J.: 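Here's a structure for you.
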Number of protein chains: 2
Amino acid sequence: MSRRVLVVDDEAPIREMLVFVLEQNGFQAIEAEDYDSAIAAMVEPYPDMVLLDWMLPGGSGIQIAKKFKQSEYTRQIPIIMLTARGEEEDKVKGLEVGADDYVTKPFSPKELMARIKAVMRRVSPTSLEEAIEVHGLRLDPISHRVTSAGNELDMGPTEFRLLHFFMTHPERVYSREQLLDHVWGTNVYVEDRTVDVHIRRLRKAIAPLGHDRLVQTVRGAGYRFSSKV
Amino acid sequence: MSRRVLVVDDEAPIREMLVFVLEQNGFQAIEAEDYDSAIAAMVEPYPDMVLLDWMLPGGSGIQIAKKFKQSEYTRQIPIIMLTARGEEEDKVKGLEVGADDYVTKPFSPKELMARIKAVMRRVSPTSLEEAIEVHGLRLDPISHRVTSAGNELDMGPTEFRLLHFFMTHPERVYSREQLLDHVWGTNVYVEDRTVDVHIRRLRKAIAPLGHDRLVQTVRGAGYRFSSKV
DNA sequence: GTAAACTTTCATAAAACTGTCATACTTAGT
DNA sequence: ACTAAGTATGACAGTTTTATGAAAGTTTAC
């Protein structure tokens with residue numbers, strides 16, 4: 001599973017923002033606001049990663065990093081430090097102490113998650129992205145496979161991404177435009193109606209076991225993935 | 001449906017963070033990074049709200065706010081300004097220019113969304129996309145579904161909008177003309193009596209569990225959605 | 001460099017939805 | 001009761017929206 005992230009920052013708003021982004025991306029967040037609470041999180045179950053503000057009052061950020069790197073059990077837990085823009089010295093010092101990467105404030109969610117995933121991939125290559133299963137339809141991002149009752153279902157890359165998006169955002173209507181944004185990517189010029197065709201292919205691909213009914217048309221609004229039939 | 005938010009900030013990371021939080025909360029975000037692109041967004045379909053960084057280079061944040069408050073069509077669009085911590089002067093000036101509220105950077109997603117929802121509620125009390133339930137009849141705008149005791153009720157787009165309008169404006173009579181304005185949209189040429197037909201269709205759709213009695217005829221005046229029977 | 005696999009667009013068929021009408025019903029007042 | 005005005009309802013013909021097969025253009029993998 002390996003998806004627990006310890007967030008250490010003394011500023012509540014920033015901490016909450018980090019937690020929000022992490023949770024929206026399927027991570028579990030543990031919060032700490034100072035040295036003591038961070039150290040208190042150095043117990044089982046150990047976090048799988050630490051997001052650490054370098055600017056903690058009293059310079060305790062660096063102390064926390066050292067502490068993590070000293071202990072036998074927490075040494076290999078990756079640490080990403082959060083630094084203010086331009087504090088080059090801190091970055092150097094941080095990497096010396098054992099931080100694995102750093103993110104500059106302010107950060108975009110995309111950048112943050114990219115760093116986190118990159119670091120996690122480096123440390124434990126297979127821990128990211130767990131399989132999702134709905135009504136016997138199983139999508140495994142790691143093996144990049146969709147199965148149903150043991151049978152592998154064959155589909156193209158776009159259909160896979162579409163299904164992945166749907167399964168991670170169920171019970172919600174998406175317009176064709178929104179789907180293009182989320183699955184195809186922003187500023188991609190593609191006809192709205194193209195979505196129809198891929199929906200069609202996705203349905204066809206998962207139809208053998210009747211899962212096509214999970215992909216529902218909402219006339220005038222778009223499409224929805226729902227286990228409620 | 002009132003969920004489009006214009007985000008104006010010159011710093012890409014912050015802008016992306018705002019967009020991320022908004023989209024995760026079901027809003028549609030439009031991005032602008034400077035004065036020109038913000039003004040370019042002052043067209044149909046108008047945004048329903050503006051999140052505006054006060055610290056735009058060249059002080060253009062305040063110019064944008066003024067521009068919005070000057071135009072007939074955008075005057076009533078609420079503006080929430082983003083300010084750095086402690087810039088009390090800016091807050092005062094902002095509120096003078098017509099901003100509706102402000103959020104201090106750094107902000108937590110919870111606070112941000114609370115402000116946005118509060119302002120939206122103040123401006124258009126019914127535009128928030130939360131599920132509404134009356135007497136066991138439940139309408140969920142997110143999944144675009146109407147259910148009653150677990151059963152999904154099937155209806156056309158117009159009936160859905162009509163019901164949505166009714167449920168967000170209960171206990172109040174609306175003439176056929178008013179309903180046309182609110183549900184069909186302004187400057188739409190449609191016979192008054194058409195409303196009757198859609199009322200009929202709506203009633204038929206929600207009748208299975210007896211909810212049709214919630215849609216009441218007020219002879220000589222129009223129709224009313226009321227839980228009082 | 002070529003074959004295979006994918007994507008996108010297009011054309012057409014199939015569904016679902018709309019606005020109007022004509023007719024049947026109700027209600028309120030005489 | 002009878003009438004006039006207002007409402008309910010079923011039907012239908014035209015539109016709009018979706019579904020689908022196939023063609024044309026791209027990318028990917030040997």
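Atoms considered below: every heavy atom in the structure, side chains included; atoms not considered: hydrogens, waters and symmetry mates. Proteins come first, then strands; the chains are lettered A, B, ... in the order of their sequence lines, and each starts at number 1. Predicted model, so just to flag it, every value in this text is computed and none were measured.
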J.: Write down the distance between CD (A/E191) and P (D/dT20), rounded to a whole number of angstrom.
T.: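 Roughly 19 Å, once rounded to whole Å.
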J.: Output the rounded distance in Å from CD (B/Q216) to P (D/dA8).
T.: 12 Å
J.: A/I199 has an atom CD1; how far is it from atom P of C/dT7, in whole Å?
T.: 14 Å
J.: Considering just the side-chain nitrogens and oxygens of B/R176, establish if one lies under 4.0 Å of OP1 or OP2 belonging to D/dG6.
T.: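 Result: no.
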J.: Does B/T217 make a side-chain N or O approach to OP1 or OP2 of D/dT7 shorter than 4.0 Å?
T.: no
J.: Can you check whether A/W184 has a side-chain N or O nearer than 4.0 Å to OP1 or OP2 of C/dT7?
T.: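 Checking A/W184 against C/dT7: no side-chain N or O falls below 4.0 Å of OP1 or OP2.
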J.: How many whole angstroms separate atom CD of B/E159 from atom P of C/dG19?
T.: 9 Å
J.: To the nearest angstrom, how far is A/D192 atom CG from D/dA19 atom P?
T.: 14 Å
J.: Describe, in one word, how the ring planes of B/H182 and B/H169 are oriented to each other, choosing from parallel (under 30°), tilted (30 to 60°) and perpendicular (over 60°).
T.: parallel
J.: Quick one: is C/dA15 close enough that its OP1 or OP2 comes under 4.0 Å of any side-chain N or O from A/R219?
T.: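 No, A/R219 has no side-chain N/O under 4.0 Å of OP1/OP2 on C/dA15.
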J.: With a 4.0 Å cut-off on heavy atoms, is B/V195 in touch with a base, just the backbone sugar-phosphate, or nothing at all?
T.: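 No contact.
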J.: Apply the test ring-ring contact (aromatic ring centres under 6.0 Å, His included) to residues A/Y174 and A/F165: give CA-CA distance (whole Å), side-chain angles for both, the deciding distance (0.1 Å), then the verdict.
T.: CA-CA 11 Å; A/Y174 288 95; A/F165 176 76; 4.9 Å; yes
J.: Nearest of C/dC6, D/dT20, C/dT20 to any side-chain atom of B/V190?
T.: C/dT20
J.: Using whole Å, what does the distance between atom P of nucleotide C/dT8 and atom CG of A/D196 come to?
T.: 13 Å
J.: Would you please confirm or rule out a distance under 4.0 Å between OP1 or OP2 of D/dG10 and any side-chain N or O of B/R201?
T.: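 No, outside the criterion.
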J.: To the side chain of B/V197, which of C/dT18, C/dC21, C/dC6 is closest?
T.: C/dC21
J.: Under a plain distance cut-off of 3.5 Å, with no hydrogens placed, do B/S37 and B/D34 share a side-chain donor-acceptor pair?
T.: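 Per modelled atom types, B/D34 and B/S37 side chains form a pair under 3.5 Å.
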J.: Can you identify which nucleotide, out of C/dT9, C/dT7, C/dC17, has its nearest atom closest to the A/H198 side chain?
T.: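 Out of C/dT9, C/dT7, C/dC17, the nucleotide with an atom closest to A/H198's side chain is C/dT7.
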J.: We want to know whether B/S143 and A/E171 form a side-chain donor-acceptor pair, criterion being a heavy-atom distance below 3.5 angstrom.
T.: no
J.: So, is B/K204 close to the D/dG10 phosphate, meaning a side-chain N or O under 4.0 Å from OP1 or OP2?
T.: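 For D/dG10, OP1 or OP2 has a side-chain N or O of B/K204 closer than 4.0 Å.
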J.: A/F160 CZ to C/dC6 P: how many Å, rounded?
T.: 13 Å
J.: Determine: side-chain N/O of A/Y223 to OP1/OP2 of D/dT17, distance under 4.0 Å, yes or no.
T.: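 Looking at the OP1 and OP2 atoms of D/dT17, neither is under 4.0 Å from any side-chain N or O of A/Y223.
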J.: Got a second to check how far A/D48's CG is from A/R4's CZ, nearest 0.5 Å?
T.: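 Going from CG on A/D48 over to CZ on A/R4, the span is 7.0 Å.
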J.: Does a side-chain N or O of A/R193 approach OP1 or OP2 of C/dT9 to a distance below 4.0 Å, or not?
T.: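 False: A/R193 side-chain N/O out of range (4.0 Å or more) of C/dT9 OP1/OP2.
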J.: Taking atom C1' of C/dT8 as reference, at what distance in whole Å does atom CG of A/L179 sit?
T.: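 Spelled out: CG on A/L179 to C1' on C/dT8 is 16 Å.
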J.: Would you indicate, yes or no, if D/dT9 has its OP1 or OP2 atom less than 4.0 angstrom from a side-chain nitrogen or oxygen of B/R200?
T.: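 So the side chain of B/R200 is within the cut-off, an N or O lying under 4.0 Å from OP1 or OP2 of D/dT9.
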J.: Which of these nucleotides, D/dA8, C/dT7, C/dT18, is closest to any side-chain atom of B/R203?
T.: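 Among D/dA8, C/dT7, C/dT18, the one nearest the side chain of B/R203 is D/dA8.
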J.: Could you tell me whether the side chain of B/E16 and the main chain of B/P13 form a donor-acceptor pair under 3.5 Å?
T.: no
